[in-house]
Each structure stands twice: as structure tokens, then as C-alpha cells.
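Here is the structure we will look at.
Here is the naming used below: chain letters follow the sequence lines, and residue numbers restart at 1 for every chain.
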There are 2 protein chains.
Amino acid sequence: MFRGINNLNIDMKGRLAIPSKYRGAVISESASQIIVTIDHTDKCLLVYPMADWLLVEKQLNSLNNMNRRARNVQRLLLGHAAECELDSQGRILVPAPLRNFAGLKKKLVLVGQLNKFELWDAEQWIIQRDSWIVEAQEDDFDNDEALAQVSI
Amino acid sequence: MFRGINNLNIDMKGRLAIPSKYRGAVISESASQIIVTIDHTDKCLLVYPMADWLLVEKQLNSLNNMNRRARNVQRLLLGHAAECELDSQGRILVPAPLRNFAGLKKKLVLVGQLNKFELWDAEQWIIQRDSWIVEAQEDDFDNDEALAQVSI
DNA sequence: ACTTAAGTGGGGATTAGTGGGGGAAAGTGG
DNA sequence: CCACTTTCCCCCACTAATCCCCACTTAAGT
């Protein structure tokens with residue numbers, strides 16, 4: 001299970017070092033195979049170990065694709081899914097089209113989300129995060145059934 | 001159950017000594033494993049023994065993440081959750097990104113909140129606390145069903 | 001006042017992260 | 001089918017962060 005935030009750099013060749021604390025899990029669980037795709041709501045990338053991705057893919061595949069929204073989600077997620085492999089130094093090569101989509105410059109953040117990571121341009125991440133915090137301050141979630149039940 | 005306020009210092013390397021009165025509980029209950037994450041409304045950190053964190057994580061993980069607000073709360077809490085371990089001196093290393101988020105300088109306060117602690121920069125804490133007191137003076141909680149029932 | 005425990009600070013070894021060169025492989029065009 | 005270009009992968013070197021250990025200071029209890 002992946003948690004936590006990591007500041008890292010992508011080099012000019014598009015290589016991204018996966019933090020060593022996560023490598024063991026990826027290697028043993030998914031034989032170093034990683035899927036990188038785009039997020040369907042934000043300008044960030046999603047990074048899945050292959051085993052976790054397959055579960056997502058199965059769900060997407062089972063959607064009724066006569067439904068317009070389902071088709072569009074399939075296009076976004078399946079359509080951008082790139083297979084990557086950890087190299088001998090524990091790095092993956094993030095394909096150029098995906099780097100462009102997320103506006104990745106040099107400084108990035110890799111954000112653990114249990115079954116996957118989100119990958120953001122560092123600057124964008126800060127902007128978004130602060131806006132989520134402001135939103136949470138102004139909203140006590142009374143109108144949201146599920147969230148109102150959560151106790152932290 | 002953690003209660004009370006403690007003044008403590010974080011050193012230049014980002015190390016924080018957990019007061020010894022709390023260590024026993026953390027060691028026996030959670031094998032010295034601690035999770036530090038951010039608060040979703042204030043610029044402070046939350047410190048959970050692992051066992052308590054897992055309960056929170058389970059709730060967050062079960063939220064439907066096609067819901068925008070749920071996704072954003074997951075991003076904030078799960079996304080910043082750093083696994084830390086008590087070292088041989090009973091200290092944890094607070095990751096740099098989290099120190100920056102909460103604006104931690106040298107002097108901190110660690111505030112017991114039963115299942116977790118809050119960690120504030122000492123100066124910020126004083127300012128916030130005073131503002132909560134003013135707020136409470138001006139508001140008699142008549143509009144809040146749950147709070148109106150509380151008798152202290 | 002002495003003894004023990006808790007908190008604080010720092011040196012040094014080790015590991016992780018970063019960046020660049022060269023060679024292999026794949027893709028492109030004549 | 002061959003030559004040329006580009007992409008990508010492996011290896012090495014350098015830098016920065018983290019961990020482990022030891023020592024000193026401060027506080028507490030007998």
C-alpha cells in the first residue's frame with residue numbers, strides 16, 4: 001500500500017526514479033511492470049503497479065460501452081495507459097505524450113494513493129492542494145453522506 | 001488515549017523526540033510505527049500510531065473515489081501520510097515536505113487528541129488558539145445540533 | 001548531592017537520487 | 001535493402017539525504 005508524498009526530479013531524458021522504499025513492492029507484486037496513464041479529471045498522471053492496474057482495467061472493460069460517459073472514461077484511461085518497466089536503477093521512462101499532458105517540468109511530486117500513485121508537476125500540485133484545503137475549510141461536508149461519516 | 005499539550009523542539013535534521021510518557025503506548029500498540037500526515041483544513045500535521053491510522057485509512061479507502069470531494073480528501077490525507085519509525089532515542093524523522101507544509105521552525109507544540117496528536121509550529125498554535133477562543137465567545141452554538149447538546 | 005532517565009546535538013558511514021556518456025536497438029527515409 | 005537518425009537502456013560517477021551511534025546537557029527522583 002502506497003502512502004505519502006515524495007519530491008523528485010525527472011531528467012531531460014524523461015526518466016523518473018521510483019523511491020526505493022516502494023520498489024520492493026512493485027518488483028515482487030508486479031515483476032517490475034508499471035502502467036502510467038492519465039487522470040480523467042486533473043492534469044496529472046496515474047502510476048499503477050501492473051497487478052493493481054489489471055483490476056482497474058477489468059472494471060473499465062466490463063462497463064457498457066454504448067454509454068457515452070463510459071466510452072469516454074475508457075478512452076481516457078485505457079487509451080493513455082503506457083506499459084513501463086523499472087530499469088536496473090529503479091527508474092521508469094515516462095513517455096513524452098504523457099509528460100506533456102501533465103505539464104511535467106523538472107520538479108515533480110509523487111503522491112501515494114494506496115493502490116497507485118499520482119504524479120504531478122510540483123508547482124501545479126501546490127496550487128491544487130491549497131485550493132482543496134480552502135475548499136475543505138469552507139465546507140463541513142454535512143451535505144455529503146459518505147464523507148460526513150468519516151472520523152479521523 | 002493521548003491528552004495534553006507538550007512543548008518540544010525539532011532539530012536541524014528534522015528529528016522530533018516523542019515525549020517518553022507516550023512512547024510505551026506507541027511501541028506496544030503499533031511496534032514503534034507512526035504515521036505523520038497533514039490536516040485537511042489547517043497548516044498543521046497529524047501524528048498517529050500505526051494501529052490508529054489504519055482505522056482512518058480504511059474509512060478513506062472505502063470512499064467512492066469518483067466523487068470529487070472524496071478524491072481531494074484522499075489526496076490530502078493519504079497522499080501526505082509518511083511512515084516513520086521511532087529510532088533508538090525515541091525520535092521520529094519528520095519528512096521535509098511535511099515540515100515545510102506546516103511551517104515548522106524550531107519550537108513546536110504536540111497536542112494530544114485521543115487517537116492522534118496534532119503538531120503545530122508553536123507561534124502558529126498560539127495565534128490559532130486565540131482566534132478559536134474569540135470565535136467561541138461570539139457563537140453560542142445554538143445553530144449546531146450536536147454541539148448544543150454538549151455539557152462541560 | 002548523587003543517580004538515573006530524558007532530551008539534544010553532531011560525526012561518519014551507508015544508501016538513495018541525479019545526471020551524463022556510450023552502445024544497442026528501433027524507427028525513418030532514400 | 002542499406003544508411004542514417006533517434007530513442008532508449010546500461011553503466012559509471014557524483015551529490016545529497018538518511019541512519020546509526022556516541023556524547024553531552026538538562027531535568028527528575030531518591
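Contact annotation for Lys13(B): base contact, defined as any heavy-atom pair under 4.0 Å involving a base atom. Heavy atoms of Asp87(B) sit nowhere under 4.0 angstrom from any nucleic acid atom. When heavy atoms are screened at a 4.0 angstrom cut-off, Lys21(B) is found touching no nucleic acid atom at all.
In this structure, Leu16(A) places its CG atom 14 Å from C1' of dA16(C), rounding to the nearest Å. For the pair Arg91(A) CZ and dC9(D) C1', the computed distance is 10 Å after rounding to whole Å. Between Ile18(B) atom CD1 and dT8(C) atom P the separation is 12 Å, expressed in whole Å. Going from atom CG of Leu110(A) over to atom P of dA16(C) covers 17 Å, rounded to whole Å. As a whole-Å value, the separation of Leu108(A) CG from dG17(C) C1' is 13 Å. One can place CZ of Arg15(A) at 15 Å from P of dC12(D), the figure rounded to the nearest angstrom. Atom CG in Leu93(A) sits about 16 Å away from atom P in dG20(C), given to the nearest Å. In this entry the distance linking CG of Asp11(A) with P of dC9(D) reads 12 Å, nearest Å.
Ring planes of Trp120(A) and Trp132(A): perpendicular class, angle over 60° (limits at 30 and 60°). Using bins of under 30°, 30° to 60° and over 60° for the plane-to-plane angle, the ring pair His40(B)/Phe141(A) lands in the parallel bin.
Residues Pro95(B) and Gln89(B) each lie close to DNA chain D; by heavy-atom proximity, the contact nearer the 5' end of the strand is made by Pro95(B). Along DNA chain C, the nucleotide nearest Met12(A) and the nucleotide nearest Asn9(B) are compared for position; the residue whose nucleotide lies closer to the 5' end is Asn9(B).
Geometric assessment of Lys43(A) against the ring of Phe101(A) yields a positive cation-pi assignment under the 6.0 Å and 45° thresholds.
There is a path of hydrophobic side-chain contacts, each under 4.5 Å, that joins Val36(A) to Leu104(A).
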